[in-house]
Amino acid sequence: MARREYTAGQKAAASMGPAGGVTALSGTDGFLRKGEGVRSREEAMRASREAAGVSLRDRTVRKASVPKDKPVIITQTQKDFIKQNALENINSSAKKPTDNTPAYRFKTDYGRTPEYILKRREAQAAAHASAGSVSTPGGHDAGAFSVKEMEAALLATPEGRKQAQLLKQGIIPLPEDERLKILDGLKKNWEKLNSDYQKLSLTVDTVPKIARKVSMEQQLKQLETHIGRFTNSNIFVNFSSAYAD
């Protein structure tokens, strides 16, 4: 069986010609014509496949023909979707917002000054009043008198007695113009130091760089503390060490 399958596709004298010098041509009309070689190959292949038991495809069986039913053609609509969408949006009502942010305008204290601001204003007014009461009835500046003379002028009122007690301890209120000058100088120093701090290198990898950065941060923090203190207008200065003699 295997030998037959091996030799089924072979043709005798296919490459070297007929054996014994016998020619395949019988006369001058026995030459190979157009198409004969192809048919002989197909016949030889068919014979070899039939001998091997391999089924051949039947070329007479064709596929199903194309259906002749008319297709369903969908007609094109004349509807203007852009116009229809615009009309729907115009006639529709606005959607309610889903944001849960509280409406501050409906609060009971809306538009009113907060309580903490009112208290701060009262404290500032009291501080200004107490600072103005240091001047003497004659209109002279308080700095032109000694501490004892100022105490005598202030003992007439309760607020004056309180001021006298502070003066006795060497504590007097700082004038407003002096406070503003000091505050302005502190802010300028902070701005200059902060500008230098922003120009430092991002890579702090050496001991001098680290020390400089830490020192500048400490100075900035100290200046911010002083600025916060001098922002308040009610400031008193202790001169007890000056009158120790």
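All heavy atoms count here, side chains included; hydrogens, waters and symmetry mates do not.
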### Task
Please check if atom NZ in K187 has more than 12 non-hydrogen atoms from other residues, nucleotides or ligands closer than 6.0 Å.
no
Taking atom [atom1] of [X] and atom [atom2] of [Y], what is their separation to the nearest 0.5 Å?
| X | Y | atom1 | atom2 | value |
| --- | --- | --- | --- | --- |
| E115 | R112 | CD | CZ | 9.5 Å |
| L180 | E176 | CG | CD | 4.5 Å |
| I82 | L87 | CD1 | CG | 12.0 Å |
| Y116 | R121 | OH | CZ | 10.0 Å |
| H226 | Q222 | NE2 | CD | 4.0 Å |

### Summary
The side-chain contact (heavy atoms from CB on, under 4.5 Å) partners of I235 (sequence neighbours excluded) come to L174, R179, F230
### Message
Determine whether a donor-acceptor pair (N or O, by modelled atom type, separation under 3.5 Å) exists between the side chain of S215 and the backbone of A211.
### Response
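Checking the backbone N and O of A211 against the side chain of S215, no donor-acceptor pair under 3.5 Å is found.
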### Message
For the backbone of F81 and the side chain of N85, can you confirm whether one donor and one acceptor N or O come within less than 3.5 Å of each other?
### Response
no
### Message
Let's go through K181 and D184 carefully: what are the C-alpha distance in whole Å and the side-chain angles of both, what is the deciding distance for side chain to side chain contact (heavy atoms under 4.5 Å, CB included) to 0.1 Å, and is it a yes or a no?
### Response
CA-CA 5 Å; K181 289 181 181 179; D184 184 57; 5.8 Å; no
Under 3.5 Å donor-acceptor pairs involving side-chain atoms of residues 193-205, not counting sequence neighbours:
| residue | atom | partner | partner atom | Å |
| --- | --- | --- | --- | --- |
| Y197 | OH | E217 | OE2 | 2.7 |
| S201 | OG | T203 | N | 3.3 |
| S201 | OG | T203 | OG1 | 3.2 |

### Task
Would you name the heavy atoms of L186 and L223 that are closest together and state the gap between them?
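L186 and L223 have their closest heavy atoms at CD2-CD2, 4.0 Å.
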#### Entry: Side chains of Q84 and D80 in contact at under 4.5 Å (non-hydrogen atoms)
no
